[in-house]
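Remarks on the structure that follows.
Chain naming here is simple, since letters A, B, ... match the order of the sequence lines and numbering starts at 1 in each.
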Amino acid sequence: MRKLQLLVLMLILLPALAFSQGGRVITGRITDDKGEPVSFATVKVKGSKTAISADENGFFRITAPENATLQFSASGSETKDVSIAGQGNVINVTLLKTNTELTAVTVVTTSLGIRRQSKELGYAAVSLNNKTLTQGKSVNVEQALNGKVSGLSVATTNSSVFEDSKINIRGIRSLTGNNQPMLVIDGAPTPLGFLSSIPPDDIQDLTVLKSAASAAIYGPDAVNGVIVITTKRGASKKISVTVNSTVQLSRVAFFPKLQKGFGGGAGEVIDQYGNYGYVPYENQQYGPAFDGSLKEIGVHLEDGSILTVPYTAGHYKDKVNFWNTGVTIQNSVSLAGEDFFVSVEDAKIKGLMPKDENRRTSFRFNGGKKYGNFSINYGLNYVLQNYDVVNEAGFSTLFPSAYNGSIFFLIMQTPSNIPLLEFKDWQNNKFAQYSNYYNEFAVNPYWVIGNIRQHGRQDDLIGNVDGSFQFTPWLKGTARVSTNLSFSNFQNTQAPVVVSDWAVANRNATQYTNRPGSVFNDEAFTSRINFDGFLSGDHAINSDFNVKYLAGGMIRQNRSKDVSVGGNNLVVPYLFNVSVRSGDAAVPLFPNNSDIQSRLYSGYGSVGFGFREWAFIEFTGRNDWDSRLLKENRSFFYPGANASVVLSDAIPALHNSKYISYAKARAAYSKSGNVNVGVYSLQATYSQPAGFPYGGNAGFTANQTIPSPDLKPEFVITKEAGFEIGFLKNRINLEATYFNQTCNNQILQVSQSSTTGYTIGLANAASFKNYGVEMDLGLTPVVKINKGRIDLKINATYNNNEVLSTFGNIPVVIGGNNGFIQTANGSPTANNIAVVGKPAFAFQLTDYERDPEGRVIVDRITGMPSQASELIVKGRSLPLWIAGITPSYTLGGLSVSMTWDYKTGHSFYSGMGSDEDFAGISARSAEYGRQRFVFPNSVYWDGSKYVPNTDIQVQDGNAGFWSVGSVNTSIGTNYFASAAAWRLREVNISYSLPQKLIGNGKVIKKITVSAVGKNLVLLVPKSNQWGDPEFNFTPNGNTFGLSSSFQSPASRFFGGSVTVQF
Amino acid sequence: MAAIAITGCQKHFLDVNDDPNRVTESNITPELIFPQAAHATGVRQASLNFRFANNWMGYWANSGSFAIDQTETTYNIDFPFGDPLWQNHYNVLFDLFQTNRKALAKGDSVLTGAAQILSAKLFQELVDIFGDIPYSQAFHNDQYRQPAYDKASAVYASLQQSLDQAISFMQKTERSSFSSVDVVTHGDELQWIKFANTLKLRMLIRQSEVAGFNPATEIAKIIANGGVLHSGETISVNPGYSNETNKQSPFYANFGLTPTGADANNLNRANAYFVNLLNSTSDPRLSRYFKTPSAGGNITGNLYGLAAGNPDGAHSSSIGPGLAGSASQNQWILTSVESMFLEAEAIARGWIAGSAQTAYENAVRESFIFLGVPNAVTAANTYMSANAIANWANAGATALSKAKFITYQKYIALAGIDPLEAWSDLRRLNMIPNTGYITVNPGKIASTVPVRLLYPQSEYTTNATNVNAEGNINQFTSKIFWQP
């Protein structure tokens, strides 16, 4: 409370700092030759030290002596002197833009939508304009950001029609909680998920505030950095219309390495020599080598027929060709006028997965108006999304057995002699019909796609209104209400499994059993209402000093409600309604049936001083009250400070330098609080397990988590320092920032022994540090060839972290590998883990028993290795280095650019690897031609010492080795590799048609055509046999580098677009 | 200013953190936990986690429809092997612990006693499988985030005391709510006491081969408190099982038919060894233990550990109607059959007065009755008189020979019902005359069944210091304390 009073006091005292000055008060507006405002131009009284800066809309107010000359200057514009003698008190000035290549980013949108000059900021902020964002024609902004901002990492976790990704700025600050940045759209805090539904075309500019320090004023959500988006708002008096059309195709790329030598068999048939025989209905591929003979596949059907195909790897490519060419068609129309912007966009995405579709239509209206001292801005964005996808999770629950995990795995486990693509018509083709499919243990994937579906719809409405009133020249009041409403529903449907009597009697009952259809419905509503009110202003104290101040408060309420119900015994086939069932309805537990509410309010303030437009310092403070904590822990305060000096203005020698055109040094310190717990997380809970209630008998079981009731917020202390320097009229720009974050009070889900009663304990139980350097280098241009030019932008980030302490020094397991668990054979244990002294996170994996030198110990008789009791801790999940290189070439209307990125220093675990070995499809499993072999780099115990093993072969070189858990598939280190990757993320070629061709801009102002390719090249080390190391089994939570069989293969994109501006 | 304005209503405005969705520690009652915990105890008895014991004991084997499990069939087990069993057992034990603690706090002695008795059964099983286990520090998560391991013998001793206390609780007057909450005996305290006594006897019998072991004190208490479970007194649970998804009786759900009438498992089939054994004695229980194959023919078993050549699921015998009878059947927790065999052995050892022969023969008859053999008593009598392995005349003269004779029949009587008990008897008395139950997998790493499971992977991950303090564990040589 005392802190709050302080803030208020500060606000009250500020006006007292002002004192009157003599002379004339001149006001006016600075615009460019097109009438667009020039933001933050410097207005100086020539021959004096008096200088002020115009506001973001170009308005300025300065007190000057009679007959003085004012000098107007702005980065990227010419400098102009205007004498006030004989002029009125209102002077409007036009500053012509100079060559754009000299323009550095000068304006950034900071806290609460307030636009600032970048030179004032004591922390790192990067702005991207619309052109940069849209040049790659990404469907969503996440994809567009990749490789363009130092310190920012976007990992695409799968290639579904939703293209989920994870965004991290400067690594992580919370071991288990949210590490993704905050999203602010037009001043309104918005759930990060919206980033994927904002059409990149609607964005005016996007600023990435990388540091927690930069965002202290935003409160707890901003601890991971902030992405600030300003959507387009009309500015020009002329109405302009832009039409854009983009088509993008995607194809499967980067497949795991597979064996092409062997077909079906798992030891059911063994000849007298111990060789595995061919089994025509097997999916495990430990059968004999392909020999080109004709062989039957499947079983003799009821009518006696059976398919016969050549026993070769001829259908190897079917595994690739199974996947569709993904098609994304995006069309948008926008209309911009002086004070409004309207756009409609439609994106239709057809996935790699056959029949998967996602369609998004959005509508945006932004407007604003100024009435004297009062101005109002408002925006409304409506996004409708409809999708229809195969429900793989539903599939694995329907057939809970070893082989029915995911479509990808169904495809991968199909032996290469099987004509997979011929089974597409599961309704009519006899051999593709459910009861007759060749495979005794797995379902026809086409049947799954046709029968187990999820379709859903989401309606999002984001609205914001803010009004501000200029009370006095030095005080403005702003009130802003923003809401995010989201209505979503989905329905999972599973058609009945209808099996012929013949198959019921003769085939594997796990698959060939009649099952009723089922349906599951979920309706969810979430809302977030945010109210901000603040007073802000600035004032020139005297000709040297000015002060900026802000104080305000915020109230936020989050609500969500989810209701779901299902029926597993539908009695009328293909009628998917819960009420048309027998037996009990399926009513899922929390959070699928829940009502959730949380509230937060805050008081905040900042005060900043500027000296002669080249030295700046700012102090910030915020106090939060959060409903999710106990009363005594609810309130917490966090302060911050940042400062910057524009050396090129401060030091005359630099100011006049021929070589150095701009130099700035900056530093910031901040503390930020973060309540990393869900709502209602302070008490242990109970729930009714499946089956209960039995009629009148209710029964509850303790859930797995025991929270510590007095959880406190996590605190992050950030220190950063950096410099920005421009050489040769800003042809060379270099920026570097060192950051160091100490993250304390980490709220952890500590894995506990099941003997404690709870497998998870929740407590403030760790600290770690996160530090690094980010660097950006821009060369504009590198070379000029006649009229053409080559530009180059390079960014690199070194980001390390180390766990400093954990609760009782117990390692903390962050997530599991539950993507795909074998029932027949254990999948390896592979976790992200936080261990004191190791990076956050290291991997924890099962490994072989090894001798002190690290060689695998094999049995002296059997030659077989064995699993070690203890798990090993190895590697790191997050990259140590991320680099992005963006060269571009421009010649007139033509521009070509590409983005390469490189990530290294980290590792990943491929869950697919173990599954592939079990099924005998991996290249690995055929490494020794399915013959006995000497386990590489192994030793055995001769009774007194370990002796290198050169001749003891494993007793079985076939399924008896490769599909066995304890010697192969349960060993996590077998599927662990470097995640280093060079990626050609994007190539973009665009061409603006010459004005002559389009009638000199009479009707059509501009036509741009472009071609784009994405993910064109992925270079990985040889040890990675499994594919894209960025994939993760879930887009949620903090696990990284744990992939599973539940993801479609990585893909490559090609596309083209046409933009017409009227 | 806005911040000041809202400070006034801070208390009310922010007090929205009471969970409107879930039952929490503050409003749960022991009456709400117990029915689930009792059901879950039944689920444990029917669990697929015990499949290894059914297989190792020669009761069941894999059908030829699937590749065999190399880990299990070579006895080359690993750390994850027993992990689900361990975690599931502790999970149920925790709900029982919570019932116990909360019922005790409310002064509900009878409910406390019921929870203690069920706990004792599960803890004993854990000791019999793993030896030393976390016990005294288990579930006290406010004090011990990494519970230490107690000596197996100490756990046994403590369980005896806990059962004594439970019996005294069960002698108190029950609350009116108890009979509806008690989905086990429906409020029959006497049955609970006999259940407790049977568990006490089972632990004593387990220690019969420990040098210098004297059960007299405990036996006296058992007798004084009404003795063990007798004919028709199987302890079972049934909260209201029915033929619906997730509501089928646990054993039936795992080994019978699905609600839609399909074979619930295509993997677990009769073991050829056991089928031959029963065929060779014309044992009518065979057709109660196993069904004829769905594709027709005689009851057919598979060879355990055979990689290729076993008949597939349709051509070999699944679990029969004596065990998987109906979707609404009671789920046994401890059978009268087992109890009566335990008593017969105790009498044969001279621990309890009476005729060992009578007790033994009644136990065999009870097995026939339990399995639903037609004309059970007559059939049992015929069986016993016709077969050397069942005729008391061949029981021998010494306590040990009688014990082996009784437990061999007990082995035959518990197929699929309590394979853990049979495994424990084997480890204690090695009473099965021929070793046809041993896996035929040529990759087997020993020709004897393991004497225990390894500690689970999850303990090495989350409770490393304590589990490592147990030293290197070998599944063939690291015996449980009661093993000779």
- prompt: Considering only heavy atoms, which portion of B/Asp78 lies under 4.5 Å from any heavy atom of chain A: side chain, backbone, both, or neither?
  reply: side chain

- prompt: Any idea which of A/Ala586, A/Ala266, A/Gly960, A/Ala684 has the most non-hydrogen atom pairs under 4.5 angstrom with chain B?
  reply: A/Ala684

- request: Examine whether an atom of A/Ala868 lies under 4.5 Å from a heavy atom of chain B, and if so say whether it belongs to the side chain, the backbone or both; otherwise answer neither.
  value: backbone

- request: Heavy-atom distances under 4.5 Å only: say whether B/Ala37 touches chain A with side chain, backbone, both or neither.
  value: neither

query: If you take all heavy atoms of B/Glu459 and A/Thr755, which pair is closest and at what distance?
result: OE2-CG2, 3.9 Å

Residue pair B/Pro239 / A/Asn697: nearest heavy atoms and the distance that separates them: O-ND2, 2.8 Å

statement: Applying side chain to side chain contact (heavy atoms under 4.5 Å, CB included) to B/Ala148 and not counting sequence neighbours gives B/Gln137, B/Asn466

- prompt: At a heavy-atom separation under 4.5 Å, does B/Phe97 approach chain A through its side chain, its backbone, both, or neither?
  reply: neither

- request: Please determine, by modelled atom types, if A/Ser753 and B/Gln146 share a side-chain donor-acceptor pair under 3.5 angstrom.
  value: no

- request: Counting only heavy atoms closer than 4.5 Å, note whether B/Phe79 contacts chain A via side chain, backbone, both or neither.
  value: side chain

message: Which heavy atom of B/Tyr90 sits nearest to which heavy atom of A/Ser754, and what is that distance?
response: CB-O, 3.8 Å

task: Test A/Tyr686 against every option in B/Gln36, B/Arg22, B/Gln98 by the side chain to side chain donor-acceptor pair (under 3.5 Å) rule and name the one that passes.
output: B/Gln98

message: At a 4.5 Å cut-off on heavy atoms, which part of B/Gln457 comes close to chain A: side chain, backbone, both, or neither?
response: side chain

query: Considering only heavy atoms, which portion of A/Ile861 lies under 4.5 Å from any heavy atom of chain B: side chain, backbone, both, or neither?
result: neither

- request: Please tell me if the side chains of B/Val23 and A/Gln688 come closer than 4.5 Å, counting only heavy atoms from C-beta onward.
  value: no

field: Toward chain B, the part of A/Ser594 with a non-hydrogen atom under 4.5 Å
entry: both

message: Please give me the minimum heavy-atom distance between A/Gln844 and B/Thr461, naming the atom from each residue.
response: NE2-CG2, 3.3 Å

query: Any side-chain heavy-atom pair from A/Gln557 and B/Val16 closer than 4.5 angstrom?
result: no

- line: Here the pair of heavy atoms bringing B/Leu14 nearest to A/Arg634 is O-NH2, 3.4 Å

query: With a 4.5 Å heavy-atom cut-off, do A/Pro689 and B/His39 have their side chains touching?
result: no

- line: Whatever's closer than 4.5 Å to a heavy atom in chain A on B/Asp263 counts as both

message: Quick check on A/Gln597 against chain B: is it the side chain, the backbone, both or neither that has a heavy atom closer than 4.5 Å?
response: both

field: Contact leader toward chain B among A/Ile270, A/Asp595, A/Asn506, where contacts are heavy-atom pairs under 4.5 Å
entry: A/Asp595

message: So, using ring pair (Phe, Tyr, Trp, His ring centres under 6.0 Å) as the criterion, who are the partners of B/Tyr149 when residues are at least two apart?
response: B/Tyr455

task: Measure distances from B/Ile28 to the heavy atoms of chain A and classify the residue's part below 4.5 Å as side chain, backbone, both or neither.
output: side chain

message: Under a 3.5 Å cutoff, is there a donor and acceptor pairing between the side chains of A/Thr701 and B/Asp95?
response: yes

message: Using 30° and 60° as the class boundaries, would you call the ring planes of A/Tyr601 and B/Phe13 parallel, tilted or perpendicular?
response: tilted

- prompt: Which distance, rounded to the nearest 0.5 Å, do you find between the CG of B/Asn76 and the CE of A/Met864?
  reply: 8.0 Å

message: At a 4.5 Å cut-off on heavy atoms, which part of A/Ala505 comes close to chain B: side chain, backbone, both, or neither?
response: backbone

- prompt: Where does B/Asp18 contact chain A at under 4.5 Å (heavy atoms): side chain, backbone, both or neither?
  reply: backbone

- request: Determine whether the side chains of B/Ser26 and A/Gln683 contain a donor N or O and an acceptor N or O closer than 3.5 Å.
  value: yes

- request: Indicate the atoms forming the closest heavy-atom contact of A/Thr756 with B/Arg145, along with that distance.
  value: CG2-O, 3.4 Å

message: Between B/Gln87 and A/Thr759, is there a side-chain heavy-atom distance shorter than 4.5 Å?
response: yes

Per-residue contact mode, A/Val679 against chain B (heavy atom under 4.5 angstrom): both

